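One structure below.
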Amino acid sequence: MTLPDQVGTPTTASTAAAESGAAQEVLRRVFGYDRFRGDQAEIVAHVIDGGDALVLMPTGGGKSLCYQVPALVRPGVGVVVSPLIALMQDQVDALSALGVRAGFLNSTQYPDERRTVEAQFVAGELDLLYLAPERLRLESTTQLLARGEIALFAIDEAHCVSQWGHDFRPDYLELSVLHQRWPKVPRVALTATATERTRDEIVHRLDLGSSRQFVASFDRPNIQYRIEPKNRPERQLLDFIRTEHAGDAGIVYCLSRNSVEKTAAFLNENGISAVPYHAGLDNRVRAANQSRFLREEGLVVVATIAFGMGIDKPDVRFVAHLDLPKSVEGYYQETGRAGRDGQPSTAWMVYGLADVVQQRKLIDNSEGDAAHRRQLQLHLDAMLALCETVGCRRTRLLAYFGQPDQTPCGNCDTCLTPPESWDGTVAAQKLLSTVLRLKRERGQSFGAGHIIEILLGKQNPKVLQYDHHELKVFGIGTDLRDTEWRGVVRQLLAAGLLAVHGDYGVLTLTEASNEVLFDGRKVPLRREPERAAKPARAAKSPKVAVELAPADASLFDRLRKWRAATAKEQGVPAYVVFHDATLREIAARKPASLAELGAISGIGENKLAKYGAGVLEVLAEE
Ligand code: ADP
Ligand code: ZN
């Protein structure tokens, strides 16, 4: 889908045809793919023709080709600005495996390495040059760029320019100089996270007002979304991995460094190989853990959100959240790291009342003015609404990203096991009136735990200390269990019918609370399950690659072993050699010659020359 408000210059028929011929040829010969996906063809043609573009595609949508192909077709070097310094080496390795001449410049290099790359750039011996954004602040960098021929600028992770977003990088603000200094060089900005607001900010800050915008569907049909009530998070996680993802690579996100360490240790104690990743670890340990995650099969990384941007490991089978993300954008980006290869994957999260209280506390204590805090609250509200929805999660996510009116997906927990709802109006009234009484009659505010104890009629020391057993509301809520009351509080918070504040998580009423207390507003709630039911496999199985017959599966395993050995020998991640999808297709089709092998998706000229003989040997072994 392309937005109607495109402005770029139309290509004339004849040049467009010639260019699309060249682009097609590069796609086939270098990347080994038969056809462009979605908007790729149009984007590539537009950029080759010198047009600017803003590309919004979900993770795994195929953004890289949108600048890599034009960089190879246009004269000069494609300059790619990317904040993902730790991954530049892998990106360059992956391109080299395709026979593309690529280099990078960032602060991790020795000066002589840098000089070599600079000389290659000036001599026109590169197809692609990856550049860390902070280098653009150096006059020496702009001088260097002025000495070579530039095919295009690609601005990866373009949402980093947005102060409203969650990944703001001040260096990205410098990127507007590119257009000022090289007005004729086409620019393509790419991102996987952009609400309308972020998109507007990217356009504004990067001066892309007259660029064409390409907005792909944000759906990731192969990802199953699930959100469950949190009770014993580590146990729940272990069950989830053991029953559904044993032996799979996955990412587990936690809010704090401490819980990252604890969770990683817990998984290891229980026989699941896991490494921690957070900003407090020594740089070298962090880099080593990331590298292990990329290279080894079936490793779990337990991480804070410091981990993952640009990780393009294609076979991450699950992303688990043990704490509530701060925003839907963050959640979608993090979960988007699962299943880039299009194979079935799971986005799984546990969440509880304590998460809401904690997030609210973080907001109250955050630096920044009231407007900033309001924004954070809006982000949190949207996240809570996603958690508490009784409708399809995917529909909600897509609506949030500006793609409303979708039909229920059949591949999220609420579609697979629709939650029961019940009339929570009376329960809500009981709870809200307890909060109201404490405030009105005694000027007191308390957290959810204490309010629930009052409702349940518990004569505990704190209740007695405050004489709360004498309140009229004492014990009026024994019809619900403690966990059910917590569910009520959570849902009232998510609906804005109750608010929580400060270090102690005190509950207060909102304006909307009055509608429930005095104006007969109904409060439908979702029932709190005793235990989260594990949804059956998606009824409507998403488009996935070839299912393998048992005999082919053993061939697939042998191909994977060969790939692991080859990758190790060359010191690159396995997926740089071939993706799972490619190996799967080889196992199913059993090509008998190099020519037949070359017809398989993901095998271009260079990989055929490099690995073709090895693969045919594995095939002949039977
Ligand atoms: P993004 O950067 O948008 O997350 P990538 O550029 O990494 O996505 O592409 C995701 C995956 O899809 C990669 O494995 C890539 O090789 C593959 N891919 C991209 N375009 C095509 C295509 N036209 N045909 C087949 N596979 C493709
Ligand atoms: Zn759904």
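Small disclaimer: the values here were computed from a predicted structure and weren't measured. Every number for a ligand or one of its atoms is a count from 1 in the order of the listing.
- Between Pro58 and ligand 1 there is a heavy-atom distance shorter than 4.0 Å.
- Within a 6.0 Å radius of CD in Glu596, more than 12 heavy atoms belonging to other residues, nucleotides or ligands are found.
- The one candidate from Leu322, Thr335, Val319 that meets the side chain to side chain contact (heavy atoms under 4.5 Å, CB included) condition with Tyr253 is Val319.
- Ionic pairing of Lys313 and Asp90 is not present here: no N-O contact between side-chain nitrogen and carboxylate oxygen is shorter than 4.0 angstrom.
- The heavy atom nearest to atom 22 (C) of ligand 1, considering only Phe36, Tyr575, Tyr33, Phe31, is found in Tyr33.
- For the pair SG of Cys392 and SG of Cys412, the angle whose vertex sits at the Zn ion (ligand 2) is 110° to 10 degrees.
- Shown in contact with Arg35 at under 4.0 Å from a heavy atom are these atoms of ligand 1, numbered in order with element: 22 (C), 23 (N), 24 (N).
- By heavy-atom distance, the residue among Met57, Lys313, Gln40, Arg340 lying nearest atom 1 (P) of ligand 1 is Arg340.
- In terms of N/O distances under 3.5 Å, ligand 1 is not approached by Ser601.
- Heavy atoms of Pro314 stay at 4.0 angstrom or farther from ligand 1.
- Using a cut-off of 4.0 Å between Lys/Arg side-chain N and Asp/Glu carboxylate O, Arg560 and Asp580 are scored as salt-bridged.
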Under the side chain to side chain contact (heavy atoms under 4.5 Å, CB included) rule, what do Leu56 and Phe218 come out as? Steps first, then yes or no, please. CA-CA 8 Å; Leu56 284 85; Phe218 265 64; 4.0 Å; yes

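- Under a 4.0 Å N-O distance rule, the pair Arg197/Glu329 does not qualify as a salt bridge.
- Polar contact with ligand 1: present for Gly62 (N/O pair, distance under 3.5 Å).
- At distances below 3.5 Å, at least one donor-acceptor pair connects side-chain atoms of Lys63 with backbone N or O atoms of Pro58.
- Counting only heavy atoms of the protein, atom 6 (O) of ligand 1 lies nearest to Ser64 OG, 2.5 Å.
- Rounded to 10°, the angle formed at the Zn ion (ligand 2) by SG of Cys415 and SG of Cys409 is 120°.
- Here the protein heavy atom with the shortest distance to atom 13 (C) of ligand 1 is His579 CE1, 3.8 Å.
- Taking CG of Leu105 as the start and CD1 of Ile85 as the end, the distance is 11.0 Å to the nearest 0.5 Å.
- Under 4.0 Å is where a charged nitrogen must lie from a carboxylate oxygen, and between Lys590 and Asp552 at least one such pair does.
- Every atom of ligand 1 is numbered from 1 in the order shown, and the set under 4.0 Å from a heavy atom of Thr59 is 4 (O).
- Protein heavy atom in closest approach to atom 10 (C) of ligand 1: Gly60 O, 3.6 Å.
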